[in-house]
Each structure stands twice: as structure tokens, then as C-alpha cells.
Amino acid sequence: MKEVLREKVEKAIEELYREKPEGFKIEKPKEEKFGDYSTNAAFLLAKPLRKSPSVIAEELSRFLAEDSMFEKISPERGFINFSLSKDFLIKELESLITEGEDYFREDLGKGRKVQVEFVSANPTGPLHLGHGRGAVVGDTISRLLEFYNYEVVREFYINDAGRQVYVLGVSIFYRYLQLFGKEREYPEIEKLFEEEGYKGEYVKELAVTLKEVLGEALLGQSLEEALEKLLSADFPFELNYLNRLEELDSVKLCSSFGLDAMLHEIKRDLEGIGIDFDVWFSERSLYERGLVEELIEKLKEKGYIYESEGAVWLKASELGDDKDRVVRKSDGSYTYFASDIAYHYEKFRREFDRVINVWGADHHGYIPRLKAVLKALEIPEEWLEVYLIQMVRLFKGGKEVKMSKRAGNFVTLSSLVEEIGQDAVRFVFLTKRSDTPLDVDVNRLKEKSSDNPVFYVQYAHARISGVFREYEKRYSESVENIPVDFLKHLWEEAEFKLVKKLLGMKDELVSATLKREPHAITYLLIETAGLFHNYYNHHRILGMDEEVMKSRLLLLKALRIFIKLGLKLIGVNAPDRM
RNA sequence: GGGCCCGUAGCUCAGAUGGAUAGAGCAGGGGAUUUCUAAUCCCCAGGUCGGAGGUUCGAGUCCUCCCGGGCCCGCCA
């Protein structure tokens with residue numbers, strides 16, 4: 001809508017003044033008396049034309065008034081205010097109803113390839129609420145991009161190479177030893193576990209499983225037998241890591257088994273909120289293919305690598321970061337940053353036009369160093385977008401449910417899904433801008449009332465469907481068969497207010513997509529649902545004169561198209577009855 | 001000490017590249033149901049946009065400083 005207006009204004013300016021002003025705005029005035037849209041174009045023309053804004057506004061208004069799109073154009077103190085004509089609005093509404101959700105679609109992406117990397121949680125424990133929020137944000141960004149014709153790849157980066165995976169193995173092995181009362185016989189294992197081990201219940205459960213399948217096999221020297229037993233046992237998941245185990249050692253055996261088990265659990269948790277990744281990218285594979293070394297070599301050739309104190313450093317400070325960063329430690333092992341360099345170069349090689357990372361906010365310090373690498377590799381900075389997700393706190397009846405990582409108990413994503421359901425979880429994670437902390441009140445989300453925004457929106461959809469059902473029952477005719485021609489019988493102010501809001505949603509959706517602000521969708525939905533409930537409470541539909549009834553049914557149909565689309569874009573169901 | 005984010009109604013939060021009298025939901029007060037779903041709606045009240053300067057026709061929005069809160073600042077991931 002704004003684009004259409006912009007073109008008209010531009011054209012008028014060109015014909016009247018032969019000027020091409022840039023950066024003028026088309027906006028929705030807050031007050032109705034200023035019309036449906038307005039522009040500040042006259043202000044910007046005042047200087048080059050050496051005329052007062054109000055004179056320019058008047059001249060432009062007179063020129064544009066011919067257009068049948070407008071009911072009225074009024075210049076006011078330099079602003080130009082547009083009111084859309086009913087004919088125009090009805091014609092647009094007609095297209096909305098005939099085209100369905102495609103009405104809102106636009107070819108923003110032109111098929112360009114975008115990768116969205118999100119969650120990427122360490123496979124050393126179950127997903128918690130923060131991961132869940134990142135998952136929903138990443139998935140919703142993906143859905144929005146897909147809707148606008150981008151080719152999206154959803155990717156999960158598996159940190160299966162570093163020390164954390166080893167610590168997972170130690171933790172499982174330690175718990176396993178405990179089951180036999182033998183932990184004292186392995187002092188290094190015990191020490192490492194006490195200091196850094198994963199202490200959650202799930203580790204104990206894995207140990208119990210190992211005991212059930214293997215008996216004492218991991219205690220003695222019968223590791224080959226243990227591996228064989230595990231591989232031939234019946235698990236609900238594949239043993240990809242265990243199958244590729246190179247070095248036979250109890251901790252590594254435990255960590256490989258743990259990886260397989262945790263990844264399976266993570267996938268299941270994500271499925272529980274309707275998220276499916278296209279690519280599960282293994283960090284380890286970067287090392288196996290020699291990419292990490294290759295990239296460090298590449299950076300070295302460009303002169304950005306040096307050695308000091310036995311470690312290998314990137315001259316990040318020359319590239320916009322505040323200090324230099326270690327890529328290879330003095331003990332010869334690589335930092336997480338090193339594989340990240342390789343990973344992002346790998347993304348670049350895969351020819352994505354754009355790469356979007358959704359990270360936990362605690363990673364914000366990594367952005368400058370990653371951008372530094374891009375600069376060194378001569379990859380344009382805009383190629384990589386990073387969005388940060390702030391933490392989620394859980395409240396029950398006004399009291400915070402604390403989570404403590406050290407004690408190993410945290411609120412898992414799956415437990416929240418179990419409690420309030422997939423729809424509520426997805427919705428609530430989008431009720432705030434993602435870079436600010438979010439408080440989730442479980443009790444409120446279980447309520448079935450207008451206090452609960454999920455129900456409020458879904459109910460609007462169900463209510464419209466209910467009206468349609470009743471119409472079909474009473475008149476033995478489907479709403480689908482009502483000709484759009486009946487729209488011309490809409491006449492009430494309230495109805496046109498709704499229509500304008502609805503048509504404006506096209507701009508709003510585009511803006512939410514370009515700004516990568518998935519939370520905006522929930523606000524748009526709540527607003528639309530509110531307008532509908534309001535309208536519904538003041539206007540009868542069934543039983544009115546045929547013309548009025550059918551025009552209103554069509555209006556409801558248009559509303560339902562948008563609500564359904566909005567819900568689809570955030571991955572929430574649109575029920576026909578509740 | 002340095003960096004990032006934040007500070008808007010009692011509470012939770014919206015406010016696109018600066019635009020006209022700053023919005024919504026909850027909580028509080030008052031009302032609406034012979035109905036197509038009251039799982040809903042309407043009205044009222046509530047504000048020095050943390051503070052002070054600056055930029056300009058115009059600042060919640062941009063700049064500087066200060067106050068307050070969160071997160072980060074490792075040869076951890």
C-alpha cells in the first residue's frame with residue numbers, strides 16, 4: 001500500500017517539479033482526522049524548490065486529487081494527508097478474498113538463498129527455555145522469509161568437537177561408576193566431575209541405561225565387547241557417533257553414546273514445538289575435512305595470523321575487534337573460535353546470499369570477532385546478521401521457578417511444552433522483542449480467557465469459523481459461494497476501519513520480515529483479533545438482509561484469512577472450534 | 001575499568017529510516033448476555049517517555065554527560 005502511494009507521489013513530484021526527492025516518508029498518522037496515510041514530502045522539497053512546505057503540499061494535493069484511489073487529499077501545514085476511497089478499498093478487499101493469503105505475499109526474496117542458524121545448543125543436555133525462545137524466533141524468521149520467496153535453510157550447528165563433549169563422557173562414566181560404588185577408584189574422573197561435570201538427572205539416567213545394557217563391561221578391560229553390545233542393543237535412536245568411534249576408551253565410549261542420546265532428545269524436543277532442521281552441521285566434520293587448518297593458513301597468507309606465547313592468534317584488533325583472539329591454544333588444541341571461522345567460511349562457500357545467526361545474548365562478545373574474520377576474508381559485513389536472544393524466566397503464580405545450572409536442575413523446554421502446549425509456548429516466546437529478557441507466567445497461559453493472548457487470537461479464528469458453520473447450517477449454502485460482488489454493500493464506518501486495518505497488514509508483515517522482528521506478528525494478531533471481537537459484539541451478521549449479511553460474511557472471511565496466515569507464520573494452529 | 005542491551009501508566013510491554021494531542025493488555029472502578037461461542041465487548045481513571053544539556057521547523061526516537069538495572073569482557077564452549 002505504502003509502495004503504491006510512494007510511486008504516485010514520486011510521479012506527481014516529477015511531473016510538477018522535475019525533482020526526485022529521496023527519503024520522504026509515507027506513514028500512517030496516529031489520528032484519524034489526518035486521513036489514512038500521510039507524507040512529509042513537501043517538507044523535503046521546500047529547500048530545493050525554495051517554496052514553503054504548505055504551498056508545495058497544496059500543489060501536490062491538487063495534482064493527486066484526480067486519482068480514484070483517493071476519497072480526499074488534504075494538505076495541512078506541509079503534510080499531505082490521504083484518505084482512501086471506498087471503491088479502492090473494496091477492490092483491494094476483493095483481491096484479498098480471491099487471492100487468499102497470496103494477497104499478502106510479495107517477491108521480496110526472488111529465490112535468494114538464506115541460511116538461518118539457530119539453537120545450536122551444546123549436545124550435552126536437554127534444551128532449556130532460552131534455547132526454546134531462540135528456536136521459535138529462528139523458525140519464525142525462517143517462515144517469514146519463506147513466505148516472501150527466499151530459499152531458506154534451517155541449520156543446527158552441533159558442537160561435537162570440543163572439551164564439553166569430553167566432559168559429558170566423564171559425567172556419564174562417573175555416574176556409571178557410582179552405580180557400582182567404584183567412583184573412588186578413578187580419582188581423575190571424580191575430580192573432573194566435581195569441578196566441571198554435568199550434574200543433571202539425565203546423566204544418571206544415561207548411566208543407568210548403560211548399566212542395564214552392559215552390566216559391568218565398562219569397568220573391566222572388555223571395552224570391545226561393551227561397544228559391540230551397545231551397537232547391537234535396541235535404542236530408539238541411531239548410534240551415529242558410537243559407530244564412528246575411533247579410539248576405544250571408556251570415557252569416549254560414554255561421550256559418544258551420550259552425544260547420540262542427547263541429540264536424539266534435542267531433536268525430539270524441537271519436534272515438540274514443530275521445528276525441523278534441514279541441516280545438522282557437525283563441528284567435528286570441519287576438523288575431519290581439514291577446514292580449520294585450511295582457514296588458519298588462509299588467514300596467515302593474508303597476514304592476519306601470528307604466534308605468541310606458544311599460541312596462534314588472529315589480529316582481530318586490526319579488523320575492528322577490541323583485542324586479538326587465540327585460535328590455537330598453546331597445548332595445540334583449537335579454540336571454539338577457530339572452528340567458527342571455518343564454519344562461517346563454509347557457509348560462504350555454500351553460496352548463501354545471506355546468513356542469519358540467532359544466538360544467546362551471552363555470545364554478544366563474539367560478534368565483533370566474527371565480523372573481523374569476515375573482513376579479513378573479504379566477505380561483506382552485511383552478509384552476516386546476528387540476532388541475540390535474551391534469557392527467559394519462568395513464573396508460577398507470581399513466583400519465579402529458579403534454575404541452577406550448577407546443581408544441574410533447569411527448567412526444560414519439554415516440561416513447559418508438556419504443561420501449556422506447543423501453541424502457547426510458541427506464541428509466548430514471541431510476545432516480546434527477543435533482545436530483552438522475557439518473563440513467562442505459566443498460570444496465565446493455561447487460562448482460557450482474554451488474559452491469555454494465545455486463546456484470544458485463536459478464539460477469534462474459531463469464532464469466525466463458528467459463524468460460517470451456522471450460516472451453512474441455516475441457509476444450506478457455503479460461504480465459499482458468496483460472490484465478492486456483495487462487498488459493495490459494506491457501508492458502516494466500523495467496517496471500513498476494519499478493512500483499512502486489514503489491508504495495512506500487508507505493509508506490516510513486510511516490515512516485520514525485513515526488520516527480522518517476529519514478535520511483531522503476535523502484536524498484529526492480537527490487534528486484529530481485538531478489532532474483530534469488538535465488531536462481532538456490535539454487529540449481527542446472520543439473519544440480516546441478504547446484502548448486509550453476505551457483505552459481512554465476506555469481511556469475516558477476509559479477517560480469517562489474515563488471522564490464519566499470521567498464526568501460520570508463527571507456527572501456531574488456527575482451530576475452527578474450541 | 002571497557003563493551004553491548006535496557007529504563008515509556010501501579011504491573012507486563014508496543015512505539016519503522018525524527019513528524020501532528022505518546023499507545024495496548026493486565027490490575028482498579030463502572031456497565032453490557034431473549035445471540036452467529038460472554039473463552040467476548042463498552043466506558044472511566046491512570047504519564048515530567050530515568051535525569052540534564054545539545055542538534056532543528058519538529059526528539060520517546062539522533063548526539064554528549066549523569067543516574068539506575070541486566071549481560072559480557074579466558075589459550076571455556
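Numbered from 1 within each chain, the chains take letters A, B, ... in sequence-line order.
- Dashed line: the shortest gap from a side-chain N or O of Lys329(A) to OP1 or OP2 of C76(B) is under 4.0 Å.
- Checked against G19(B), A14(B), A20(B), the side chain of Ser38(A) finds its nearest nucleotide in A20(B).
- For the OP1/OP2 pair of G74(B) and a distance below 4.0 Å, the side-chain nitrogens and oxygens of Lys323(A) include at least one atom meeting the criterion.
- The side chain of His538(A) sits closest to C42(B) out of C75(B), C6(B), C42(B).
- In this pair, Tyr334(A) and Tyr287(A) present their aromatic rings tilted. The plane angle is within the 30 to 60° band.
- Looking at heavy-atom distances under 4.0 Å, Glu196(A) makes no contact with the nucleic acid at all.
- Across C76(B) and U12(B), the matching P atoms stand 40 Å from one another, rounded to whole Å.
- C41(B) is paired with G31(B) under the Watson-Crick or G-U wobble criterion, all donor-acceptor distances under 3.5 Å.
- Across all strands shown, U21(B) forms no Watson-Crick or G-U wobble pair with both distances under 3.5 Å.
- Distance from the side chain of Glu470(A) is smallest to C36(B) among C41(B), C36(B), C75(B).
- Under the 30°/60° scheme for interplanar angles, the aromatic rings of Trp313(A) and Tyr306(A) are found to lie parallel.
- The side chain of Met578(A) has A39(B) as its nearest neighbour among C76(B), C5(B), A39(B).
- Between Asn537(A) and the phosphate of C42(B), there is no side-chain N or O to OP1/OP2 separation shorter than 4.0 Å.
- Between A20(B), C6(B), A38(B), one nucleotide has an atom nearer to the side chain of Phe79(A) than all others, and that is A20(B).
- To the nearest angstrom, P of A32(B) lies 24 Å from OH of Tyr535(A).
- Phosphate proximity of C5(B) to Tyr387(A): absent, as no side-chain N or O sits under 4.0 Å from OP1 or OP2.
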Distances under 3.5 Å between protein N/O atoms and the N/O atoms of nucleotides 70-72 of chain B, please, pair by pair.
none

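- One interatomic measurement links the two molecules: CZ of Arg6(A) to C1' of A16(B), which rounds to 12 Å at whole-angstrom precision.
- Remark: the Asn81(A) side chain and the A20(B) base include a donor-acceptor N/O pair separated by less than 3.5 Å.
- Considering only side-chain N and O atoms, Lys432(A) lies under 4.0 angstrom from the phosphate OP1 or OP2 of C13(B).
- Neither OP1 nor OP2 of C42(B) sits under 4.0 Å from any side-chain N or O of His539(A).
- A sub-4.0 Å separation between OP1 or OP2 of C36(B) and a side-chain N or O of Arg474(A) is present.
- Contacts of Thr140(A) classified as side chain to side chain donor-acceptor pair (under 3.5 Å), with partners at least two apart in sequence or in another chain: none.
- Look at NE2 on His519(A): it is 11 Å from C1' on A16(B), rounded to the nearest Å.
- Both Ile541(A) and Asp331(A) lie close to RNA chain B; mapped to their nearest nucleotides by heavy-atom distance, the more 5′-ward contact belongs to Ile541(A).
- Ranking A14(B), C75(B), A39(B) by closeness to the Arg433(A) side chain, first place goes to A14(B).
- A cation-pi arrangement is absent between Arg325(A) and Phe337(A), since the terminal nitrogen or guanidinium carbon is not both under 6.0 Å from the aromatic centre and inside a 45° cone about the axis.
- For Glu546(A), the side chain to side chain donor-acceptor pair (under 3.5 Å) test picks out Lys550(A), with sequence neighbours left out.
- Of all nucleotides present, only C73(B) satisfies the Watson-Crick or G-U wobble test against G1(B), with each distance under 3.5 Å.
- Nucleotide A52(B) is matched to U64(B) when pairs are restricted to Watson-Crick or G-U wobble geometry with both distances under 3.5 angstrom.
- Using a 4.0 Å heavy-atom criterion, one finds that Arg577(A) contacts the bases of the nucleic acid, with or without backbone contacts as well.
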